[in-house]
Protein chains: 2
Amino acid sequence: MSAARPDRPHLVVIGGGFAGLWATRALAWSPLRITLVDRSNHHLFQPLLYQVATAGLSAPDIAAPLRHILRRQRNVGIRLGEVEAIDPQARTATLADGKALHYDYLLLATGATHAYFGNEQWAQHAPGLKSLDDALELRRKLLLAFERAEACDDPAERAAWLEFAIVGGGPTGVELAGTLAEIARHTLRDQFRNINPATARVRLIEAGPRVLASFPEDLSEKARRQLEKLGVEVSTGVPVTDINAGGYRLGDTYVHSRTIVWAAGVAASPLARSLGVPLDRAGRVPVEPDLSVPGHPEIFVGGDLAAVEQADGSPVPGVAPAAKQMGRHVARAIQARLQGAPARPFRYRDFGNLATIGRMAAVVDIHGIRLSGVLAWWFWLAAHVFFLIGFRNRLVVLLNWAWAYWSYQRAARIILGREPGSARDAPPPP
Amino acid sequence: MSAARPDRPHLVVIGGGFAGLWATRALAWSPLRITLVDRSNHHLFQPLLYQVATAGLSAPDIAAPLRHILRRQRNVGIRLGEVEAIDPQARTATLADGKALHYDYLLLATGATHAYFGNEQWAQHAPGLKSLDDALELRRKLLLAFERAEACDDPAERAAWLEFAIVGGGPTGVELAGTLAEIARHTLRDQFRNINPATARVRLIEAGPRVLASFPEDLSEKARRQLEKLGVEVSTGVPVTDINAGGYRLGDTYVHSRTIVWAAGVAASPLARSLGVPLDRAGRVPVEPDLSVPGHPEIFVGGDLAAVEQADGSPVPGVAPAAKQMGRHVARAIQARLQGAPARPFRYRDFGNLATIGRMAAVVDIHGIRLSGVLAWWFWLAAHVFFLIGFRNRLVVLLNWAWAYWSYQRAARIILGREPGSARDAPPPP
């Protein structure tokens with residue numbers, strides 16, 4: 001079945017996110033043989049992941065099978081699996097099943113995961129949001145909290161089920177908090193008999209001085225006001241100092257809460273360690289200007305895993321447009337190298353910064369043009385639906401949004417997955 | 001929040017499927033206080049469950065939250081939970097969390113599950129299809145089989161990954177086999193480099209003499225021919241005698257297969273046992289003509305759990321229209337009882353029998369009018385989309401179908417869920 005000739009130089013791309021996929025697609029007409037390795041079978045449109053977690057969209061709306069996206073690109077083979085180690089001397093990437101892929105060029109684009117800053121035991125009580133499985137687990141947790149409160153007779157326990165905390169005031173935390181407040185106040189209205197979901201407290205906790213710190217100060221302030229209007233309690237300047245099964249400690253105060261979501265730290269994928277080069281504090285790879293690894297011109301790093309500086313010395317942000325640009329740059333750099341030409345340095349083109357907050361609320365900062373509120377929300381919606389891969393997804397997502405807008409209903413309010421230790425998990429009788 | 005007066009008679013409905021939900025809705029204007037208990041938070045349109053398993057639809061397309069469906073019916077409270085026991089003397093239903101609900105009337109409508117006819121150890125190798133979680137698990141298994149074959153170097157092992165068996169030639173087995181053959185031959189075409197998915201063998205195994213035994217013989221024969229045209233190998237008259245991790249035994253022949261799906265037996269929900277009345281061989285409750293339990297006029301059984309005879313002595317089939325009719329009948333019977341009037345006997349109105357086979361292939365038998373092929377398929381599609389709950393679902397499902405029809409693509413081809421024992425399941429580092 002393979003149309004790629006084995007004597008061609010072999011590029012292994014690890015990670016089918018924005019950087020890996022955009023690099024692969026840009027090399028469609030290259031003389032390379034490409035193997036794309038990912039542990040999921042799909043490319044994920046991560047900017048809308050919070051919508052799956054908050055039951056606005058279903059998983060396949062924001063994901064597309066990698067094999068489908070790349071079906072017409074004959075020089076690509078796809079391998080579902082997890083790379084466990086890279087050996088830069090032997091030029092091999094070893095998979096979890098023991099197989100080693102030999103490469104001539106390597107693009108490492110495995111992204112980032114959550115960082116609990118040394119408090120890894122918090123992870124079990126405050127899960128984060130990086131994959132579709134995370135999103136479905138979070139959806140289950142959020143929806144079950146209201147069910148538990150409804151079934152609960154003890155007022156203190158009920159209050160703990162109606163106490164939600166989102167830790168981290170970046171874009172993901174803001175989106176989750178705003179949408180969760182909308183669910184409690186609107187979507188679930190009239191649907192319970194023993195509780196009033198609108199009394200749920202949704203608290204967004206940011207240890208720094210303001211939410212959306214990557215935006216100008218006035219937009220942070222506008223975002224805060226929009227959040228408060230939606231019913232979110234915003235707490236800034238005080239860090240979370242402990243998280244356990246019963247709640248969390250904010251500064252010196254312990255808050256009883258059964259639902260805590262982690263949207264704070266970013267830690268680079270641990271695979272970077274096997275490159276044997278120095279990493280930055282978040283575990284990312286400080287790369288050369290052409291995105292190659294120091295001392296290894298055949299290895300490139302892209303996306304959230306790469307530590308790159310802009311011309312003004314500020315870091316390139318970990319956002320989807322930056323990852324796509326890096327992917328395309330790596331494709332150009334490899335083609336230059338194949339032709340014996342020098343690779344140009346990567347330059348990030350900043351098209352602006354958008355963040356959504358909730359129903360008809362967002363902030364936009366594009367080259368000094370600052371919008372907030374309804375207009376910003378429409379801009380955000382158009383940009384995000386436009387960049388979704390696949391015509392069908394765009395149509396379905398728009399339809400879902402139109403429906404949610406008019407009805408206040410969230411179509412995907414379906415609890416999936418069994419609860420650990422429940423009767424349904426029991427093995428069949430012998 | 002509760003609008004229902006506690007002095008009103010209390011009806012407990014166990015199970016939010018077709019029987020339970022239709023009974024509940026029919027009692028909207030009754031003087032009853034109703035508690036609907038279900039272990040899922042959604043009503044499931046089971047006739048399209050195989051589409052979720054075969055990646056044509058996503059889970060929320062065929063499910064709607066019970067709280068949303070019943071949000072305007074003020075005399076209903078919903079309880080997410082599993083009933084573990086019924087005490088007909090004390091008139092209580094006890095939940096898994098230990099709470100007991102006292103009832104004046106009870107509707108038991110917990111449906112059926114898979115029967116392995118005493119070979120319960122087969123369940124782990126040949127899962128069935130009853131819930132959304134089952135469907136997502138099956139989707140994962142089917143899609144992963146092709147991935148495993150692609151990554152596999154050993155020809156024998158690769159062949160076992162491309163060997164699919166569906167046990168049971170009823171409507172579910174036929175639907176799964178036809179759709180899986182379509183996926184192998186069309187959807188996945190050109191998407192692999194080391195295997196040709198079209199070489200996968202999809203075998204439908206029926207121990208009886210023909211598939212779709214509930215249809216007239218000529219339609220069974222037409223269904224068989226349509227299946228074979230789609231690429232399914234149909235085996236009838238020989239039972240599966242063993243299933244293990246490596247394959248199955250068909251009569252005397254052992255077949256190496258990594259993907260076996262169970263669509264054969266039906267066993268009633270075990271909750272029926274706690275009624276203390278004699279059950280039939282499948283564990284169903286033989287009910288009085290008004291659907292009440294012998295000796296307990298205040299307890300009714302509906303849906304797949306009830307064993308009811310038609311006027312001609314044949315059993316009422318375990319299909320959605322029968323369950324809905326039983327639900328509405330129970331509502332009328334309880335209202336008659338509240339007014340001191342005698343309840344009428346249940347009479348099943350048979351509107352006909354439909355089964356889909358695959359792309360543009362189906363069989364229909366309505367009062368002697370027998371259709372097969374394209375026309376039957378359009379009839380099946382119209383009937384199923386029409387009966388889906390919720391305007392949005394219908395629109396999204398139609399859109400998905402139109403897309404699948406024109407593109408041969410199945411939008412939900414997203415593998416969800418972690419593999420037991422994989423690295424991603426490991427606890428975070430301490």
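In what follows, every chain begins at residue 1, and chains take the letters A, B, ... in the order their sequences are listed. Since the structure is predicted, the reported quantities are computational estimates derived from the model, not experimental observations.
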Taking A:Asn41 for the side chain and B:Ile414 for the main chain, is one N or O donor matched with an acceptor at less than 3.5 Å?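 No; judged by distance alone, with no hydrogens or angles, the pair does not exist.
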Report yes or no: does A:Asp61 contribute a side-chain atom to a donor-acceptor pair with the main-chain N or O of B:Ser58 at less than 3.5 Å?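 Such a contact is absent between A:Asp61 side chain and B:Ser58 backbone.
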Let me know if A:Ala55 has heavy atoms under 4.5 Å from chain B in its side chain, its backbone, both or neither.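 Contact with chain B is absent: no heavy atom of A:Ala55 under 4.5 Å.
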Could you look at A:Leu188 and say if it's the side chain, the backbone, both or neither that has a heavy atom under 4.5 Å from chain B?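 A:Leu188 has no heavy atom closer than 4.5 Å to chain B.
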Out of [options], return the one with the most heavy atom pairs under 4.5 angstrom to chain A.
options	answer
B:Leu136, B:Thr187, B:Leu80, B:Leu95	B:Leu80
B:Glu147, B:Arg189, B:Arg71, B:Glu150	B:Glu147
B:Asn119, B:Asp97, B:Leu143, B:Ile415	B:Ile415
B:His42, B:Arg72, B:His68, B:Arg79	B:His68

Non-hydrogen atoms of chain A under 4.5 Å away: do they reach the side chain of [X], the backbone, both or neither?
X	result
B:Ile78	backbone
B:Asp153	both
B:Ala96	neither
B:Arg413	both
B:Leu70	backbone
B:Leu57	neither

So B:Arg67 and A:Asp190, salt bridge (Lys or Arg N to Asp or Glu O under 4.0 Å) or not? Walk me through it. CA-CA 9 Å; B:Arg67 293 194 187 280; A:Asp190 291 340; over 6 Å; no
For side-chain contact (heavy atoms from CB on, under 4.5 Å), just list the numbers for A:Arg74 and B:Arg193, CA-CA rounded to whole Å, side-chain angles, deciding distance to a tenth of an Å, and then say yes or no. CA-CA 9 Å; A:Arg74 301 297 302 174; B:Arg193 298 293 174 262; 3.5 Å; yes
Nearest heavy atoms of B:Arg139 and A:Pro60, plus distance in Å: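 Scanning both residues completely, I find the closest heavy atoms to be NH1-CG, 4.3 Å.
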